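Worksheet: one structure, shown below.
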Amino acid sequence: MNALVALCHFCELHGPRTLFCTEALHPPSPSPSHSGAPAPGDRDGDREGEGLTMRANTSASQRGDMCEGCRSLPASHPGFVSIDDETGIRFLSHQHPRQPQLFSVVRQACVRSLSCEVNDNVCPGREGPIFFGDEQHGFVFSHTFFIKDSLARGFQRWYSIVMVAMDRIYLINSWPFLLRHLRLTIQSLQSTALKVFDNEQGVCPQRAVRMNSVFSPAVFPHQRSGNAARSLTSLTQHPNLWASLHSSFSWLLKACGSRLTEKLLEGAPTEDTLVLIERHTEQEEEMSCWEGAEEGGARPQRHQSEMELGGHLLYGDAGKFEDFPGPKFRSLRHLRQVLGATEFRQLAWHVLMGNQVIWRGADPGLIQSAFITLKALLPVGCVRSVPYSAQYEEAYKCNFLGLSPDVSIPAHVSSSEFSVLVDVMNAEKGCRYRAVCEHDVASVYQFTIGSANTQPTDRGPTLLNKLEVALSNENLSIDVVSHCLLCLKEEWMNKVKVLFKFSKVDGRGREDTQKVLTLLGATGPGEEDNVRLLKFWMTGLSKTYKSHLMTAVRGGERSPSQ
């Protein structure tokens with residue numbers, strides 16, 4: 001994604017002006033007649049953080065008449081260049097963009113961020129983030145702010161940082177990320193300038209001087225002209241201000257370009273993909289709210305959930321078992337072999353029915369590997385996990401709960417048929433488990449599974465029956481079993497969608513719903529478990545799908561009258 005970042009200033013004499021701009025230049029694609037090797041000296045220079053190489057830019061920017069307040073680099077300064085060693089992308093910084101068309105785009109973004117959008121009350125209170133733009137001139141994320149100046153009118157000057165891109169969706173999705181990191185840069189500038197302001201006021205308080213002076217229209221233009229010609233470097237007394245901003249803006253462009261990547265999807269995105277996108281957006285918004293509350297002095301209580309203890313559980317990264325030290329479960333087949341076929345079926349039945357699955361033991365890594373393995377049985381939207389906790393958490397908060405060994409289970413949970421407890425205990429030497437290797441789970445631990453549920457689990461659901469056939473077939477590899485499970489989940493998720501529209505959206509009765517279940521193949525042996533699975537999985541449907549379905553239905557209802 002091509003974008004650029006610019007620092008803008010509202011000069012009292014010249015109006016909105018661009019002070020400093022950083023843009024990314026991608027390396028040209030290699031042609032058959034060109035080896036694509038970098039020219040000698042391209043990567044010479046000092047290396048400084050994130051694999052970036054900084055050197056002087058040999059191109060000079062166009063400069064017009066300007067005062068010190070709206071000038072950043074001296075006329076003799078060639079600018080800055082950083083090279084990303086991983087991608088070959090160059091980050092160029094100067095007062096203005098090199099290309100004339102970009103100059104016009106940045107100029108318009110500067111004017112709108114410091115005058116039009118704020119004056120139209122888009123940004124209440126003037127300070128803060130705003131979003132504007134169009135397809136022709138690009139889209140802009142802008143954050144306006146003030147810098148203290150003892151010589152300015154109102155004792156402050158008006159600035160903004162803008163990010164300009166042609167991709168509207170990308171900028172909107174990056175809002176929490178940009179807001180979080182631009183605020184850090186802005187706060188650094190403001191705090192540095194505030195120290196200079198306090199020192200100057202301590203030497204010569206300007207408020208008293210202005211109150212005691214006699215207003216004269218003849219000298220006011222001269223005073224205004226003198227006050228306008230004060231640079232940001234003078235306001236902050238930062239000797240390497242522009243080099244620091246270049247590093248900050250370059251990192252922001254690099255990080256913003258790598259944090260979101262485009263993926264080619266064959267057909268419509270799956271429910272798991274939609275739920276993951278929604279959860280990722282919610283987490284970024286929640287982090288922004290936390291940071292805003294912390295800045296205001298109130299630090300909210302954050303629940304220790306899977307976002308902090310193993311966030312990979314959310315994203316289905318079941319392949320990174322090496323992140324956990326010691327023995328761990330490697331697959332559903334391995335879990336079945338360790339627990340035994342009967343115990344595994346009981347545990348998997350509780351998972352598919354939406355009951356709370358509690359693992360209690362002293363090894364968090366083992367428990368997390370068990371959760372990564374078991375949650376593959378469910379759609380992502382049905383997974384609510386607290387990987388390891390020092391206290392019991394209620395079922396409405398999580399259906400996967402890991403507990404330390406000294407945590408007691410409440411009586412109402414122990415006697416409930418909607419929960420299952422797996423106690424993990426150390427196995428003694430010479431136990432019935434044969435020691436295969438030092439890190440083999442069965443040689444180190446033994447497992448006790450208990451539940452108050454008395455319903456037989458041998459008849460259904462159909463999905464579990466088919467999965468066990470695949471797991472018990474040793475001729476099928478782990479990868480093949482994983483693909484079988486994926487196909488089974490997609491098959492039953494499609495049934496969930498049909499049932500949701502038929503029963504929840506259309507509001508059909510029990511008799512019609514029973515006919516639909518028969519057509520879906522959810523009746524017969526294990527019918528009760530199949531229906532219970534469908535109803536539980538219905539809670540995992542994405543908000544995007546539900547909203548789209550409701551909108552389509554309402555549109556269909558209006559169409560006859562139109």
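Note: hydrogens, waters and symmetry copies are ignored here, and every other heavy atom, side chains too, is used. Note that this is a predicted model, so its numbers are computed, not measured.
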Just by distance, do the side chain of [X] and the backbone of [Y] share a donor-acceptor pair under 3.5 Å?
X    : Y    : value
S191 : Q187 : yes
S188 : L184 : no
S547 : K543 : no
D149 : L235 : no
S369 : L366 : yes
R360 : V407 : yes
E278 : T544 : yes

Given side chains that start at C-beta, do those of [X] and [Y] come closer than 4.5 Å, heavy atoms only?
X    : Y    : result
E393 : Q391 : yes
F145 : R183 : no
R17  : R107 : yes
R279 : V380 : yes
Y159 : I186 : no
Q156 : F197 : no
P379 : E271 : no
Q190 : I147 : yes

In terms of relative ring orientation, are F371 and W359 parallel, tilted or perpendicular, with 30° and 60° separating the classes?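 Judged by the thresholds at 30° and 60°, the geometry between F371 and W359 is perpendicular.
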Give me the ring orientation class for F500 and Y545: parallel if the planes are under 30° apart, tilted from 30 to 60°, perpendicular past 60°.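 The rings of F500 and Y545 sit tilted, inter-plane angle from 30° to 60°.
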Which atoms form the tightest heavy-atom contact between [X] and [Y], and what is the distance?
X    : Y    : value
L171 : V140 : CD1-N, 4.0 Å
V196 : Q237 : CG2-CG, 3.5 Å
L73  : G79  : CD1-CA, 3.9 Å
A109 : V162 : O-CG1, 4.4 Å
P405 : G361 : CD-O, 3.2 Å
F132 : S142 : CE2-CB, 4.0 Å

To the nearest 0.5 Å, what is the distance between [atom1] ([X]) and [atom2] ([Y])?
X    : Y    : atom1 : atom2 : answer
S247 : F91  : OG    : CZ    : 11.5 Å
F400 : R384 : CZ    : CZ    : 9.5 Å
F103 : Q95  : CZ    : CD    : 9.0 Å
C398 : Y392 : SG    : OH    : 7.0 Å
N399 : I358 : CG    : CD1   : 11.0 Å
E135 : M166 : CD    : CE    : 6.5 Å

Under 3.5 Å, is there a donor-acceptor pair linking the side chains of [X] and [Y]?
X    : Y    : answer
D406 : S404 : yes
T273 : T270 : yes
S160 : T144 : no

Of L7, L19, L252, which is the lone residue that meets side chain to side chain contact (heavy atoms under 4.5 Å, CB included) with I161?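 Running side chain to side chain contact (heavy atoms under 4.5 Å, CB included) over L7, L19, L252 with I161 returns exactly one hit, L7.
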Please determine whether side chain to side chain contact (heavy atoms under 4.5 Å, CB included) holds for the pair S385 and K375, giving the CA-CA distance in whole Å, both sets of side-chain angles, and the decisive distance to 0.1 Å. CA-CA 9 Å; S385 175; K375 79 182 185 67; over 6 Å; no
Step by step, work out the side chain to side chain contact (heavy atoms under 4.5 Å, CB included) result for H9 and L232. CA-CA 9 Å; H9 167 56; L232 184 60; over 6 Å; no
Determine, step by step, whether L253 and M163 satisfy the side chain to side chain contact (heavy atoms under 4.5 Å, CB included) criterion, reporting the C-alpha distance in whole Å, the side-chain angles of both residues, the deciding distance to 0.1 Å, and the verdict. CA-CA 9 Å; L253 288 174; M163 173 173 272; 3.7 Å; yes
Test side chain to side chain contact (heavy atoms under 4.5 Å, CB included) on K254 and I89; report intermediate values, then the result. CA-CA 9 Å; K254 178 182 178 180; I89 297 176; over 6 Å; no
Output field: ring centroids F20/W242 closer than 6.0 Å: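 So the answer is yes for these two rings.
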